[in-house]
Amino acid sequence: MALLYDAAVAWDKLLTVSYQFTYGKKRRLHDISLSFQADQFSHLSGAHYVRDVDLKNPYSKGEFLSMVLSGEIDAAAVEKSADWEDIKGRLEGIVRLESILNGEFSLYLFRREILPFYSS
């Protein structure tokens, strides 16, 4: 399948889930809520970079996602675009996004000047 189509399928699957993140800063907990909307797909996929393929107004309210899924927009033609390299990485990220978010990960930032010993 074409990468644009695969990214659209992955994004469509994310429309039904949301993620809650909690992080600590300065001894306080902060929450981040992450959810996904159909109308965000056109921008995050990089459709605005593709200038030589007719994407049938990719900025119309959430219709771009359904147009890719239905085949109304030829995803294979987008891969032949001169602008393909500008969006390929974005699409690969969207395809992997769910597995990244569902995986185990921890983020740490150490500020050496605050800690009494060296860390990295």
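Bear in mind the structure is a predicted one, so any value in this text is a computation, not a measurement.
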Is V78 close to V68 at the side-chain level, that is, under 4.5 Å between some pair of heavy atoms? no
Gap separating the [atom1] atom of [X] from the [atom2] atom of [Y], nearest 0.5 angstrom:
X	Y	atom1	atom2	result
L44	L65	CG	CG	11.5 Å
L4	F64	CG	CZ	5.0 Å
L3	R90	CG	CZ	13.0 Å
S42	M67	OG	CE	10.5 Å

List for me each residue that meets side chain to side chain contact (heavy atoms under 4.5 Å, CB included) alongside S81, sequence neighbours excluded, and say none if there are none. V50, D52, V53, D83
R51 side chain vs A82 backbone, donor-acceptor pair below 3.5 Å: no
Judged by atom type as modelled, is there a donor-acceptor pair below 3.5 Å linking the side chain of W11 to the main-chain atoms of Q37?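 Such a contact is found between W11 side chain and Q37 backbone.
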Using every non-hydrogen atom in the two residues, find where A2 and A75 come nearest and quote the distance to one decimal. CB-CB, 3.5 Å
Please report the closest heavy-atom contact between F36 and V17, naming both atoms and the distance. CD1-O, 3.9 Å
Please identify each residue that fulfils side chain to side chain donor-acceptor pair (under 3.5 Å) with Q20, with sequence neighbours left out. S33
Side chain to side chain donor-acceptor pair (under 3.5 Å) involving T22 - partner list, sequence neighbours excluded: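 Once residues adjacent in sequence are excluded, the partners of T22 under the side chain to side chain donor-acceptor pair (under 3.5 Å) criterion are D31.
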Show your working on side chain to side chain contact (heavy atoms under 4.5 Å, CB included) between F41 and L14 and close with a plain yes or no. CA-CA 11 Å; F41 180 72; L14 287 169; over 6 Å; no
Check: residues 91-103 side-chain donor-acceptor pairs under 3.5 Å, at least two apart:
unit_1	atom_1	unit_2	atom_2	d
E98	OE1	K13	NZ	3.4
S99	OG	R96	O	2.9
N102	OD1	Y19	OH	3.0
N102	ND2	E98	O	3.3

Sequence neighbours excluded - side-chain hydrogen bond (donor to acceptor under 3.5 Å, both in side chains) pairs with any residue from residues 64-76: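 Output for this query is empty, none listed.
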